[in-house]
Amino acid sequence: MVQEGGARGVQFFSLTQALTFPSSQLFINCPLFPAEFSIVATVKVSHTRMKKNEYLFAVVKEDVDQLLLGMRFSKEKVHLIYQGSMGRKRLSFKRIRLADNRWHSMVLSISGHHATLTLDCGIPLELVHKQPFPSDLSTDGSRFHIGSRRKWKGLFSGLLRQLVLLPGSDATPRVCPSFKPSLVELSIPTILSNLPVKSQLNDVLLPPYETEVRVTLGSKPACTSAEEGQLWFDTLKRGLFLCDGAYWHSMLQEKDRLDYVDDYQDLYTTSETLDIELFQIPSVGLFAAMAHRANKPGSAIYRWNHGQFQLYQNISTFKAQAWKQFTIGRKMFLAVSNSVGPADGERELSVIYRWSNKRLKFVRYQTLETHSARDWEAFHINNEAFLAVANHRTENGNHNIDSIVYKWNPGTKTFEINQTISTSGAYDWEFFTTFGATDWEMFQIGNRVFLALANGHMLCERGPSLYTINSTIYELDMTTKMFLKFQDIVTYSAVDWEFFSVGDEHFLVVANSYDGSSYSLNSVIYRWQGYEGFVPVHRLPTIGCSDWEFFTSAEGSYLMYSSAKAPLSKVFKLRIH
């Protein structure tokens, strides 16, 4: 490890110190190298030390010593070399001045025919190649070599601060802009990210220091003063660790990735469930409020206990449509939308419940008259609390009805009518409404903002309604401040989208509820693939799926769905490697 120029990096002095490991430890389920990827590297190269060609990393097929892919430097060039279908190919960026004894950060991104190189968050350089990067580049029988090409010739002479391989999309927006463009940080180990040590006497930077570096493979070795500055590569977790004399610090550990999904828990309910609301109560735990269709015994609240949901409290409801949890100050509330009255001819009342710290239960707090209420939305503006209800129709079936926005009165400590809004058959409060829409999901990936629209069905003037239709993902155009269509996805009477992330990967899961003939359908998990958009990766069997929720606990990450056609909800566990 070497400290120079106000930052720390690792230097390789021999092939025995260069990190090498089998490619199969990175590409477990599929040996193909990603067709779309980014490489983020921070390096410091001396003009006097640098040879004609030096490899930052290489992927080499062992039995025939064939270079499958490598990133190579010369004094004013950066090359990406790879094995194509017609032989070896090379993408070369020229007039790139790296060998100036200064720190530089670069992002090399590959997508189809295009390659871009961004140096120190500057203007990206782009190359357009005649042939796209191969989608069938197999890494079977190969090894990664960090800092070399498996030979003395080409050994990297500079300092390496970070090296990250990201499949899927351009990583530039994740690190740029930066107030330190030459030292951007995406995955810097703690031991390298610390500021240089200062003298207590005169506050002057201490001189750079070097240590002899060795890499240990296998099970976790001891980390004492004798091993300080040494590296250990964990072959099971595929991570590189550095010893500081007492503890091992992660340097290049692989991020969590979704492998497959397990059917984890069957949650048998007293009725069909139209909505799930997940929330945490500090010092108490994770809860799930289930909106049940049947009036008796009403809806239920479940608590996560020892790795599964268990019944915690029953609450009387009347064809409940949705729950909404919110807080005002230190008080926690839970509002339910009841769509019918207790009996024919009686007023429809939706109820707000408050969490009692003394009784450790939700107790009735306030009732509000609603009309076939479908949804609640809680929000704050200028430290004032509001609650909006979507009224669907009157008791005589008229869908032209006012929906209401309530405002919290700190004096009376109750909600009071603040505004009425004319609506027609309102289902949901969100950003805006479209014909046939059943749900909006807003999410962000990097600096890109999206809205996913779930379309339920298309009414036809002649013939039956269509349930197999496109649901649409929109992206916010930062220039026009308008949402533009990004991607259409075929869905089956979709009623909900849920966005979630695992490590650096991002996913959408859709609730498919009906295809015109059956409620037993696969709901689908889509993974963000950058240039390709969202692609299907997992199909989960569901029955009349009405809602998806993602949550994490000490035991792992999970997806939960409710069924509007069966008294059964399910919890799926995400298996992560």
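Listed for the R293 side chain is a donor-acceptor partner under 3.5 Å among the backbone atoms of A564. Between the side chain of S339 and the backbone N or O of K319, at least one donor-acceptor pair lies under 3.5 Å. Judged by distance alone, with hydrogens and angles left aside, the side-chain atoms of S523 form no donor-acceptor pair with the main-chain N or O of A511 at under 3.5 Å. Side-chain atoms of S513 come within 3.5 Å of backbone N or O of S493 as a donor-acceptor pair. A distance-only check finds no donor-acceptor pair linking the side chain of E277 to the backbone of A322 [under 3.5 Å]. Within the 3.5 Å criterion, the main-chain N or O of E555 finds a donor-acceptor partner in the side chain of S553. S569 places no side-chain N or O within donor-acceptor distance of the main-chain N or O of T273, the cut-off being under 3.5 Å. Of the possible polar contacts, one joining the D244 side chain to the A246 backbone as a donor-acceptor pair under 3.5 Å is found. Judged by distance alone, with hydrogens and angles left aside, the side-chain atoms of R303 form no donor-acceptor pair with the main-chain N or O of L311 at under 3.5 Å. Side chain of N382 to main chain of E384: no donor-acceptor pair is present (N/O by atom type, distance under 3.5 Å, no hydrogens or angles).
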Apply side chain to side chain contact (heavy atoms under 4.5 Å, CB included) to Q529 and F534, showing your working. CA-CA 6 Å; Q529 289 287 97; F534 285 93; over 6 Å; no

The test is side chain to side chain contact (heavy atoms under 4.5 Å, CB included); show your working for Y558 and T552 and say whether it passes. CA-CA 6 Å; Y558 302 85; T552 60; over 6 Å; no

Can you check side chain to side chain contact (heavy atoms under 4.5 Å, CB included) on D547 and L274, steps first, answer last? CA-CA 7 Å; D547 190 23; L274 300 180; over 6 Å; no

Could you give me the CA-CA distance, side-chain angles and deciding distance for L540 and N522, then say whether side chain to side chain contact (heavy atoms under 4.5 Å, CB included) is met? CA-CA 5 Å; L540 306 177; N522 284 330; over 6 Å; no

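Side-chain contact annotation: Q162 with T42, donor-acceptor N/O pair under 3.5 Å present. Side-chain contact check for D259 and N29: at least one donor-acceptor pair (N or O, by modelled atom type) lies under 3.5 Å. Using modelled atom types, one finds a donor on one side chain and an acceptor on the other under 3.5 Å when comparing R374 with S372. Side-chain contact annotation: S299 with H292, donor-acceptor N/O pair under 3.5 Å absent. With hydrogens and angles left out, the side-chain atoms of S546 and S562 include a donor and acceptor closer than 3.5 Å.
Taking the six-membered ring for Trp and thresholds of 30 and 60 degrees, W376 and Y406 have ring planes inclined between 30 and 60 degrees apart. The aromatic rings of F450 and F443 sit parallel to each other, their planes meeting at less than 30°, with 60° as the upper class boundary. A parallel orientation is assigned to the rings of F500 and F550, their planes being inclined by less than 30° (bins at 30° and 60°). A perpendicular orientation is assigned to the rings of F415 and F333, their planes being inclined by more than 60° (bins at 30° and 60°). Ring pair W408/Y365 is parallel by interplanar angle, where below 30° counts as parallel and above 60° as perpendicular.
We find the CG-NZ distance between D266 and K570 to be 3.5 Å, quoted to the nearest 0.5 Å. The distance from the CG atom of L258 to the CD1 atom of I525 is 6.5 Å, given to the nearest 0.5 Å. Here the straight-line distance linking atom OG of S557 with atom NZ of K573 works out to 9.0 Å at 0.5 Å rounding. Summarising the geometry, atom CG belonging to L349 is positioned 9.0 Å from atom CD belonging to E346; distances are rounded to the nearest 0.5 Å. Taking CG of D496 as the start and CD1 of I276 as the end, the distance is 9.0 Å to the nearest 0.5 Å. Atoms CD and CD1, from E505 and I445 in turn, are 11.5 Å apart once rounded to the nearest 0.5 Å.
Partner of F362 under the ring pair (Phe, Tyr, Trp, His ring centres under 6.0 Å) criterion, out of F287, W355, W323, Y312: W355 alone. When each of Y526, W497, W548 is tested with V509 by the rule side-chain contact (heavy atoms from CB on, under 4.5 Å), just one qualifies, namely W548.
Both tests hold for K565 against Y519: distance to the six-membered ring centre under 6.0 Å, angle to the ring axis within 45°.
Every residue two or more places apart in sequence or in another chain was checked for a side chain to side chain donor-acceptor pair (under 3.5 Å) with S563, and none qualifies. Partners of K485 under the salt bridge (charged side-chain N to carboxylate O under 4.0 Å, His left out) rule, at least two apart in sequence or in another chain, are D488.
V449 is listed as a side-chain neighbour of M442, based on a closest heavy-atom distance under 4.5 Å. Side-chain contact between M290 and M560 is present, with heavy atoms from C-beta onward closer than 4.5 Å. Using a 4.5 Å cut-off on side-chain heavy atoms (C-beta onward), F551 and F279 make no contact. Contact of the Q265 side chain with the Q308 side chain is registered, since non-hydrogen atoms from C-beta on lie closer than 4.5 Å. Residues F572 and D262 have side chains not in contact (no heavy-atom distance under 4.5 Å, counting atoms from C-beta outward). Using a 4.5 Å cut-off on side-chain heavy atoms (C-beta onward), L183 and I188 make no contact. Put simply, the side chain of N470 does not reach to within 4.5 Å of the side chain of I489, judged on heavy atoms. Counting only heavy atoms from C-beta outward, the side chains of F309 and L286 approach each other to under 4.5 Å.
For Y514 and Y467, the ring centers are positioned less than 6.0 Å apart.
Salt bridge annotation for E369-R347: present, with a cationic side-chain nitrogen under 4.0 angstrom from a carboxylate oxygen. The pair R174-D504 meets the salt-bridge criterion, with a side-chain N (NZ, NE, NH1 or NH2) lying under 4.0 Å from an Asp/Glu carboxylate O.
Counting non-hydrogen atoms of other residues, nucleotides and ligands closer than 6.0 Å to CZ of F379 gives a total above 12. The local environment of CE in M482 is sparse, with at most 12 non-hydrogen atoms from other residues, nucleotides or ligands closer than 6.0 Å.
The nearest pair of heavy atoms linking C545 to Y561 is SG-CD1, 3.5 Å. Of all heavy-atom pairs spanning A454 and S471, the tightest one is CA-OG, 3.6 Å. Taking all atoms of both residues into account, the shortest heavy-atom contact from N409 to G411 is OD1-N, 2.8 Å. Here the closest non-hydrogen pair linking S271 and A294 is OG-N, 2.9 Å. Here the shortest heavy-atom pairing between T270 and P567 reads C-CB, 4.5 Å. The minimum heavy-atom distance linking S517 with D515 is given by the pair N-OD1, 3.0 Å.
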